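Numbers restart at 1 for each chain; the letters A, B, ... are given by sequence-line order, proteins then strands. None of the values given here were measured: they were computed from a predicted structure.
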2 protein chains.
Amino acid sequence: MARRPERGTADTASRILDISERLVQSRGFNGFSYADVASELGITKASLHYHFAGKAELGEALINRYATRFAQALRAIDERGVDAQARLEAYAGIYADVLRDGRMCLCGMLAADYETLPEPMRDAVLRFFDENEAWLIGVLEQGEDEGALHLHGSANEVAQAILSGLEGALLIARPFGDVVRFQAAANRLMASLGARRDERLTAR
Amino acid sequence: MARRPERGTADTASRILDISERLVQSRGFNGFSYADVASELGITKASLHYHFAGKAELGEALINRYATRFAQALRAIDERGVDAQARLEAYAGIYADVLRDGRMCLCGMLAADYETLPEPMRDAVLRFFDENEAWLIGVLEQGEDEGALHLHGSANEVAQAILSGLEGALLIARPFGDVVRFQAAANRLMASLGARRDERLTAR
DNA sequence: GTCTATAACGAGATAGAC
DNA sequence: GTCTATCTCGTTATAGAC
């Protein structure tokens, strides 16, 4: 076992994940290499294999950490105790933050690379989307119960539309380097729920 | 100049484009190689370079042919003389056909790969999206003029939301191998325009 | 944990014969 | 137009010393 890293630092495995994550989110899984990570971290390629046996295992670890952190962010939204509309706005805000960093959603990017991924990575990507939709369905049903939202379709359908709408908005807005474009699409998406506060989301 | 290919056949350059197009749409620009194309076509890698100097030139040709065909498909929709709502449904139908083939939109895929693309390919990808939005804006404005559509925002914003919504629906539905999922998202997208015939689109 | 060294392969690309 | 042969480089991965 590695000992606990010092305050303000991160152990090598974490730093490998940090660098790889950014590279995958901006260049795709087939657009980065161990050499890229090694040179940026200042160690050799061979040393990377000590921490992650191969690119497939590194990829799995990337998705798992990303999904765990995403789930934490969703729990943090829940704990604010705000209404359904505010939760959905906060959800869209996570995506906006990713775009401001010049990145695609990790699993949105891997969805594009899906056919080239090893099986364990594929499974993890689908699980990520399923978990996101499950959370969204919960929020949407809560909103309907409270009378804050008036959905045009089933909560399941609306959840899928929100997820794919936000992923698509990231996908298209990023090449244009245009956060405003993303915000406009996100706004329309939220407005289309039949929600009350159509005008709330604005580009920061 | 090559002579005209016989009926039912295609010249080598076209067949290279056909194979490459399918590979890029399913595996991404960094997920296919000259070797893949050569072996499928039954010629050597070296011969490919006679038709396309390099991967960058092949990529440019791919986007240009795709954009030209897409524009033809849009003109074909226009020439049917149907109303705005039917045009939008036909537009979504193009995307559905791509998904049924197990593919992503060529330029949606290249949007994910954007950061790794040579400059001419980047420009061509952005142009494709701009042209799509321009067509959508025209249809939306026509629909408003005729009273068939009641947009919640500007035609420009709605066009961007439709484009990114459909691209995102493709991106997410494809790994699940789920055309129904795409149709549900496309339906909701069209319904959110404030259009009249919310219930029209169905999975084929 | 990190290194050097190297294996083993695949990538894009070129020269020149046919 | 297509071939063989070759080049150069990048990629993932392993062996074994420190």
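- In this structure a side-chain-to-backbone donor-acceptor pair under 3.5 Å is present from R122(A) to E115(A).
- Contacts of S33(A) with the nucleic acid, taken as non-hydrogen atoms under 4.0 Å apart, involve only primed sugar atoms and P, OP1 or OP2.
- Contact check, T12(A) against dG1(C): no side-chain N or O comes under 4.0 Å of OP1 or OP2.
- Using a 4.0 Å heavy-atom cutoff across all strands shown, F52(A) reaches no nucleic acid atom at all.
- Counting heavy atoms from C-beta outward, I172(A) and F182(A) have side chains that stay 4.5 Å or more apart.
- Although no hydrogens or angles enter the test, the distance criterion places a donor-acceptor pair under 3.5 Å between the side chain of Q25(A) and the main chain of M104(A).
- Rounded to whole angstrom, the span from the NE2 atom of H49(A) across to the P atom of dT2(C) amounts to 14 Å.
- Straight-line distance from the NZ atom of K55(B) to the P atom of dT14(C): 15 Å, rounded to whole Å.
- Positionally, the nearest nucleotide of DNA chain D for H51(B) lies more toward the 5' end than for the other of K45(A) and H51(B).
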**Candidate pair D97(A) and R100(A), rule salt bridge (Lys or Arg N to Asp or Glu O under 4.0 Å), full reasoning** = CA-CA 5 Å; D97(A) 288 341; R100(A) 267 184 220 103; 2.6 Å; yes
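- Atoms CG (L41(A)) and P (dT2(C)) sit 8 Å apart, rounded to a whole Å.
- In this entry the distance linking CD1 of I16(A) with C1' of dT2(C) reads 11 Å, nearest Å.
- With dA5(C), dT11(D), dT14(C) as the choices, the nucleotide that has an atom nearest any side-chain atom of A35(A) turns out to be dT11(D).
- Y34(A) comes within 4.0 angstrom of the backbone, heavy atoms only, and of no base.
- Distance L23(B) CG to dA11(C) C1': 15 Å, rounded to the nearest Å.
- Under 4.0 angstrom from either OP1 or OP2 of dG1(D) there lies at least one side-chain N or O belonging to Y50(B).
- With 3.5 Å as the limit, one finds no donor-acceptor pair spanning the side chains of T116(B) and D113(B).
- Comparing atom distances between the T44(A) side chain and each of dT11(D), dA11(C), dT4(C) picks out dT4(C) as nearest.
- Distance CD1 (I43(B)) to C1' (dT2(D)): 7 Å, rounded to an integer number of Å.
- Distances were taken from every side-chain heavy atom of S47(A) (C-beta onward) to each of dT2(C), dA13(D), dC3(D); the shortest belongs to dT2(C).
- Here the P atom of nucleotide dG1(D) and the CZ atom of R15(B) are 12 Å apart, to the nearest Å.
- The distance between atom CG of N30(B) and atom P of dG10(D), rounded to the nearest whole Å, is 15 Å.
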